[in-house]
Structures are given as structure tokens and as C-alpha cells.
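A short worksheet on the structure shown next.
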Amino acid sequence: MVAAPRSGGGQLFRPQLPTVFSGIDLLKLDRAEKDKLRSNGFTTTSGVCDSSSDATSLGSVSTGFLTDSITSPETESEWVRQVSQACSAATSTAMYAESGQTLMFLDWDDTLFPTTELFDRWRLTRRTRLTREMDARLEKWRDAVYDYLSMACSLSDRCVIVTNSRRPWVDECIEKFAPDLAPLFKRPNGPRVVYADEAMREARRRKWGNLDGCVAGLAGCLQFLFEELEDQLPMLSEDRVRQLTDAKHVAMRHEATEFYSRYPGQTWKNVISLGDMTYEHDAVLELSRFRTRSRATPRWFRRRRQRVEQLRTKALLLPEEPTLDELTVRLQFLRLLLPAYVRFDGSINLNFRTAKNPLAAMAQALNMPRLLELSIPHHIWGGRSQPHDDSVTEEALDAVSMMVHESFFH
């Protein structure tokens, strides 16, 4: 089975995807490069915007402007704006799958970390010390989650774990149950952890901070009281679900806005969400709707943005409360298919809880009918017994690895 190696130099395994370029800071282009860009009509310009397939759209954006001389800061700014928009439109169709344009959201509990298994089935507490037997049983899962996160970070420049738990829950889980993950999280290109509740509270503070003087002070006091009551008063189940979904949506929106604002005119391109609860699934779908139908955006601008922006949203809702073995094999399987999800040029909405045949649903969504030819153990989707022979699972994973490699890396 092909696995993401842990190299001694600390480098993550990175699949050999085609080399593409986007996200160049056009403000830093010198005069010679601008002249070269104008003379070539945006078609083949030092990797700044390799868009031979989109030459028509680029030309229509820039006709009559690039031939003008750049004589003032105002003209310079307008030139940068038009070039950025033109390049962004082209990269949205040609370069969406590169790591610099792919944003990945992952849940933590029961998606990456076996929370139900450890604390409900094994009845552990935060103070419980692992026995040697327990530690040995966790080893395969540790390898699986390490390899999964390594692959995710190689395919996305921003891999974000968004959790509804309270700080420092993720750090505590890593320290106690998977210390080998700690160096991965400390790397500059490693996964980042966002606590959704903190993001929601910070968004409220920014909102009230825009008010003036004593009004802002009063609003701050009211917010503090509201948050205290919110933590102490019981909530109806529907209200709680709405609150947790809203918190994840706010956290995702902040991360996406920041990630897709790294150069002028950058558009939203490729957002992937993976989790076992409806909170993150519904939140990322709301994020997509927010981007396409934001009430804060004038209608004429939304129509214009929709013409140049193509957001691909891939939302996967996984079965909840997996066993340790289910979660381990699921992470191994999903890791092998991550390049396929990233490379898929469209949106995906998969609910593996309700799908009668999860593998068939995945094959149809990804347009990969060959998946149906593989003997994938059904227990990874829950509700079925695990094969007695581990070699069955290993052979199936080897077949998936080979198929994905032949499909995308040849």
C-alpha cells in the first residue's frame, strides 16, 4: 500500500500534480515584466498567467488598456486590478486544483480523532493512563491520521480543523493519545486549529467594535452578559444545532475570506469539507450560498462576480460514532481519494449516512466508475462487521491507490 512517507528532513509528501502558477503579487512586477506581459497579450508570460486556453476572455478584459502607457499611480492601480481579475478568471478554470487555491476544512471529533471510541466505549477520562494494550491498538490509527493530514496539507495550503469543542481540546488529545502529530501541527504548512465558538465571539466583537463611544461600551457589556447566559442556560436541541452550525459557518467564512484575499482579484475556487456531523456539512453549503447570494453585495456586482468566479464546493458527511477500526480504514481510504476530490472540476454533496451504497455514490459523484470494480470493505461506512482477514482491506487499499495514481498522475 502506498503511504505518505515521513521524511527525515520534515518535508511532507506532495503528489506530483501538474505544475501551475497563480497568485502572483502583481504589485511587485517590475517595469520590464509589465512590458513583456503587454507584448505577449497575457498568453505566455513568465508563468504569471499561463492562459493560452483562456486567451479570448483575457483579451476581452484587457483590450485597449494594456496598450496605454502606465504613467501614474492611479493608472498603475487600475492596470493591476484588471490584470488580477483577468488572471483570476483564467486560474478559476485552469488552476483551481493547485494547493494555493484549495481550502480544506476538517472536523476533529470522530472525523480525525476517535472520540466516541475512547471516551464512550473504552470509558477513558482525561486523567486515565493508557495501558500498553490500549497504546498498541491506537498505533494503526495514529499512522492513518498522520498520513491523512500529511496528504491534506500537501494538497491544500490551508488545511483547517474547525471544531465546536473548547480550547485546548485538540492539543490535549494530541498530547495524550497521538504525540507524534505534534510536530506536524507546528510546521508552517501544517494543519491549523480553529475553535468555532471563539470565531463566533470574535465576529460579534468586531461587529460591536464598529460602533462609537459609549454605544460600543454598552454593546460590549451586553455581549458579555449574553455569552455568560448562553453558556449556562439549557437550549432546545434545534437551537443548539443552529448555534453550532452558525459558529462553524462564521469560522469557515473568516478563513475563506482571508485565504482567498492574498492577491488582488483572487476568486474563491476550491473548498472541501469533511466531517461526521451536520454542523460542518450545512455550514460549508451555507458558505457557498453566502458567496453566490450575499445580501451585502449589490445585485449587479453578484452577477459580474458569478461570470468570473467558479466556486467548487465539495461537502462530505460521514457516518457518526465510528469504531476505532472503522475510523482507521476510513482515513486510509479517504486519504487515497483526496487527490480525486481536489481535482474534480465541480461541486459535490455526499451524505454517506443515508447513501444505500456509499461507494456507488462516490463513484458517480467523482465520475470514477472504476471504483465499483474494487472490493472495498463496507465496514468503513459503519453498520457492518469488519473482515477477519486484514489482507482483504490492504489489497483493496492498494487497488484504490493504483487506480487514483493511474487516473491523475500519468
Side-chain angles (χ1 to χ4, degrees), residues 1 3-8 10 12-13 106-153 159-187 190-198 231-232 244 248 274-277 279-280 318-335 377 379-390 393-394 397:
M1 184 174 68
R6 309 184 192 185
S7 62
L12 294 180
F13 167 73
L106 304 173
D107 183 41
W108 177 251
D109 295 297
D110 283 342
T111 298
L112 298 173
F113 184 78
T115 305
T116 298
E117 180 80 358
L118 297 180
F119 298 103
D120 290 347
R121 299 192 183 102
W122 293 14
R123 300 186 181 279
L124 301 182
T125 66
R126 295 185 178 184
R127 297 182 179 180
T128 303
R129 296 188 62 180
L130 294 177
T131 64
R132 289 186 178 182
E133 181 183 358
M134 291 177 178
D135 192 71
R137 290 181 62 185
L138 288 172
E139 192 59 33
K140 286 186 177 180
W141 162 75
R142 291 181 181 128
D143 290 339
V145 70
Y146 186 100
D147 293 340
Y148 182 89
L149 287 172
S150 296
M151 176 68 81
C153 292
C159 178
V160 188
I161 295 173
V162 183
T163 176
N164 277 318
S165 58
R166 298 293 180 93
R167 188 185 297 273
W169 172 244
V170 175
D171 290 334
E172 289 180 350
C173 292
I174 293 173
E175 180 181 1
K176 185 175 182 62
F177 299 101
D180 286 349
L181 289 179
L184 181 64
F185 277 74
K186 293 178 181 179
R187 294 176 184 172
R192 55 195 291 167
V193 180
V194 172
Y195 291 89
D197 180 70
E198 293 180 5
D231 290 337
Q232 297 177 20
L244 296 176
K248 286 218 168 186
L274 201 75
D276 71 306
M277 299 298 289
Y279 315 138
E280 53 269 0
L318 305 174
E320 57 185 338
E321 300 182 353
T323 66
L324 182 63
D325 292 329
E326 288 171 4
L327 181 59
T328 299
V329 180
R330 184 183 301 170
L331 287 170
Q332 293 170 337
F333 178 68
L334 292 175
R335 174 184 65 84
H379 80 284
I380 67 174
W381 309 116
R384 306 214 181 171
S385 59
Q386 179 184 359
H388 296 291
D389 189 355
D390 288 343
T393 300
E394 292 176 359
L397 293 174

Using side-chain heavy atoms (C-beta onward) and a distance below 4.5 Å, is [X] in contact with [Y]?
{"X": "N164", "Y": "K248", "answer": "yes"}
{"X": "L130", "Y": "L124", "answer": "yes"}
{"X": "L106", "Y": "L149", "answer": "yes"}

So how far is it from [X] [atom1] to [Y] [atom2], rounded to the nearest 0.5 Å?
{"X": "E172", "Y": "R167", "atom1": "CD", "atom2": "CZ", "answer": "11.5 Å"}
{"X": "I161", "Y": "L274", "atom1": "CD1", "atom2": "CG", "answer": "11.5 Å"}
{"X": "Q332", "Y": "L327", "atom1": "CD", "atom2": "CG", "answer": "10.0 Å"}
{"X": "L331", "Y": "M151", "atom1": "CG", "atom2": "CE", "answer": "12.5 Å"}
{"X": "R137", "Y": "T131", "atom1": "CZ", "atom2": "OG1", "answer": "9.0 Å"}
{"X": "L112", "Y": "Y146", "atom1": "CG", "atom2": "OH", "answer": "14.5 Å"}

- Message: I need the single residue from D147, D180, D135 that forms a salt bridge (charged side-chain N to carboxylate O under 4.0 Å, His left out) with R142. Which is it?
- Response: D135

- Message: Does T128 form a side-chain contact (heavy atoms from CB on, under 4.5 Å) with W122? I'd like the steps, not just the answer.
- Response: CA-CA 11 Å; T128 303; W122 293 14; over 6 Å; no

- Message: According to ring-ring contact (aromatic ring centres under 6.0 Å, His included), does anything in residues 123-143 pair up with another residue at least two apart or in another chain? List the pairs.
- Response: F113-W141

What pair of heavy atoms forms the shortest contact from [X] to [Y], and how long is it?
{"X": "R121", "Y": "T323", "value": "NH1-CA, 3.6 Å"}
{"X": "Y195", "Y": "S165", "value": "CD2-O, 3.1 Å"}
{"X": "T116", "Y": "E321", "value": "OG1-CG, 3.8 Å"}
{"X": "D107", "Y": "V162", "value": "OD1-O, 3.7 Å"}

Ignoring hydrogens and geometry, is there a side-chain-to-backbone donor-acceptor pair from [X] to [Y] under 3.5 Å?
{"X": "D197", "Y": "R166", "result": "no"}
{"X": "R330", "Y": "P319", "result": "yes"}
{"X": "D110", "Y": "E320", "result": "no"}

- Item | L138/L118 under side-chain contact (heavy atoms from CB on, under 4.5 Å): CA gap, chis, key distance, verdict | CA-CA 10 Å; L138 288 172; L118 297 180; 4.0 Å; yes

- Heavy atoms of other groups near E198 CD, more than 12 under 6.0 Å: yes

- Message: Does atom NZ (K140) have a neighbourhood of more than 12 heavy atoms from anything else shown, all under 6.0 Å?
- Response: no

- Item | Ring centres under 6.0 angstrom apart (W169, F119) | yes

- Tell me, please, which residues at least two apart from F185 pass ring-ring contact (aromatic ring centres under 6.0 Å, His included).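 Per chain and number, F185 pairs via ring-ring contact (aromatic ring centres under 6.0 Å, His included) with no residue.
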
